[in-house]
Amino acid sequence: MNKGKNPVWEQLKEEAVKKLRNNKELSGQHGAITPMIKMIVEAALEQELQQHLSQSKENRKNGKARKTIKTSYGNVEIEPSRDRDGTYEPQFIKKRQMTLSSAVDEKIIALAARGMSQADIAKYIEDMYGSNVSKAFISQITNNVIAKIKEWQNRPLEALYVIVWMDAIFFKVREEGRIVSKAVYCLLGLNQHGKKELLGMYIAKTERSSYWLKVLNDLKSRGVEDILIACIDNLKGFKEAIGGVFPQADVQQCVVDQVRS
C-alpha cells in the first residue's frame with residue numbers, strides 16, 4: 001500500500017492541518033469533513049457503476065465527469081466515472097441532482113462517528129438508498145466504502161517524527177435519535193523533511209489517557225519508532241501513556257494549555 005497517495009485523503013489531511021494550526025474545528029461549511037463526504041459519495045457511485053457494467057460484456061468505463069454538489073458542509077466537487085454506452089443512471093446522486101440532502105450529510109459523518117462498525121455502516125448506506133435496491137447491492141457499496149476508509153486508517157507511517165501534536169476535539173453527533181458528544185483524537189506529525197501530516201483520527205466517547213495509550217500503540221504498529229517532541233494538553237496520565245510507548249520522547253505541554261492554566 002503506498003503511503004499518502006490517495007488524493008481524497010491527501011486533501012483531508014491538508015484541510016485538517018490548516019484547521020488545527022489555526023485552532024479551528026474540523027467541521028463546518030469549510031471544514032476538513034468535506035473531503036470525507038467526497039470520498040464516500042464517489043465510492044458509492046463507483047460501486048453503482050461497477051454493478052451496471054457487470055450486466056453487459058461490451059459496456060465499460062469511459063473517463064470521468066466533474067460535478068459540484070451542495071452540502072451543508074459546503075460545496076463538494078466530485079468526479080464520478082462514466083460508461084461508454086451512456087446507459088448508466090446513478091441513483092445515489094442523480095445526473096441532474098445538484099444538492100446532497102442534510103440527512104445524507106449526517107449519515108456520512110456518522111459512518112466515522114459510529115466507530116466504523118460494518119453493521120452500522122451498512123445500515124446507514126441502506127438508509128441513504130432506501131428500500132428499492134437489493135441487499136447484495138447495499139453490501140457491495142458498504143464494502144467499497146469501508147475499504148477506502150480503512151486504507152487511510154491503516155496506512156504505514158514514517159519511523160521518526162520530530163513533533164507530534166496530540167489533542168481531542170469534541171463534536172455533537174446524532175446517535176440512535178439522540179444528540180451525543182464524541183471525542184475525535186487527532187494526531188498531527190511533523191516529519192524529518194518539515195512536512196506536516198495528519199497521522200490519524202480516532203473516535204471515542206470521551207478523552208482518557210487509557211485510550212491515548214491505545215492510539216499510541218496503533219502508531220507504533222504502523223511503523224513509528226520514535227517521537228522527539230510530543231505536544232499535549234494537561235490531561236492526567238497522558239504523559240505517562242506516552243512514556244510507556246515512546247520512552248525517549250520529550251513531552252511538552254501545549255502553549256495554549258499553559259496560558260489557560
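Just so you know, residue 1 is the first one in the sequence shown, and it goes up from there. As the structure is a prediction and not an experimental result, all values here were calculated from the model.
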Worksheet item: D83: what forms a salt bridge (charged side-chain N to carboxylate O under 4.0 Å, His left out) with it, not counting sequence neighbours?
Response: none
Worksheet entry | Under the salt bridge (charged side-chain N to carboxylate O under 4.0 Å, His left out) test, residues paired with K61 that sit two or more places apart | E46
Item to complete: Indicate yes or no: at least one non-hydrogen side-chain atom of L45 is less than 4.5 angstrom from one of Y88.
Response: yes
Fill in: Those residues that, when tested against D85, pass side chain to side chain donor-acceptor pair (under 3.5 Å) (two or more places apart)
none
Response to the item:
Sorted by chain and residue number, the side chain to side chain contact (heavy atoms under 4.5 Å, CB included) partners of L213 (sequence neighbours excluded) come out as N217, A241, V245
Worksheet item: Below 4.5 Å, heavy atoms only, C-beta onward: do E225 and L160 meet side chain to side chain?
Response: no
Discussion item. Under the rule for side chain to side chain contact (heavy atoms under 4.5 Å, CB included), what residues qualify as partners of T68, not counting sequence neighbours?
Written reply: N75, E77
Practice prompt. Could you list the residues that satisfy ring-ring contact (aromatic ring centres under 6.0 Å, His included) with Y185, not counting sequence neighbours?
Written response: Y211, W212
Worksheet, complete the sentence: Those residues at least two apart in sequence (or on a different chain) that pass salt bridge (charged side-chain N to carboxylate O under 4.0 Å, His left out) with E79 are R66
Item to complete: Return the set of residues passing ring-ring contact (aromatic ring centres under 6.0 Å, His included) with Y202 (not counting sequence neighbours), or none when no residue passes.
Response: none
Discussion item. Working to the nearest 0.5 angstrom, can you tell me the gap between I69 CD1 and I78 CD1?
Written reply: 4.5 Å
Worksheet entry | Minimum side-chain heavy-atom gap I232-V251 below 4.5 Å | yes
Worksheet item: Taking only residues two or more places apart in sequence, or in another chain, which ones meet K64 in a side chain to side chain donor-acceptor pair (under 3.5 Å)?
Response: S81
Worksheet entry | K172: side chain to side chain contact (heavy atoms under 4.5 Å, CB included) partners, not counting sequence neighbours | I179, S181
Fill in: Non-neighbouring partners of R222 that pass salt bridge (charged side-chain N to carboxylate O under 4.0 Å, His left out), sequence neighbours left out
D218
Worksheet item: What residues form a side chain to side chain contact (heavy atoms under 4.5 Å, CB included) with E58, not counting sequence neighbours?
Response: S56, R84
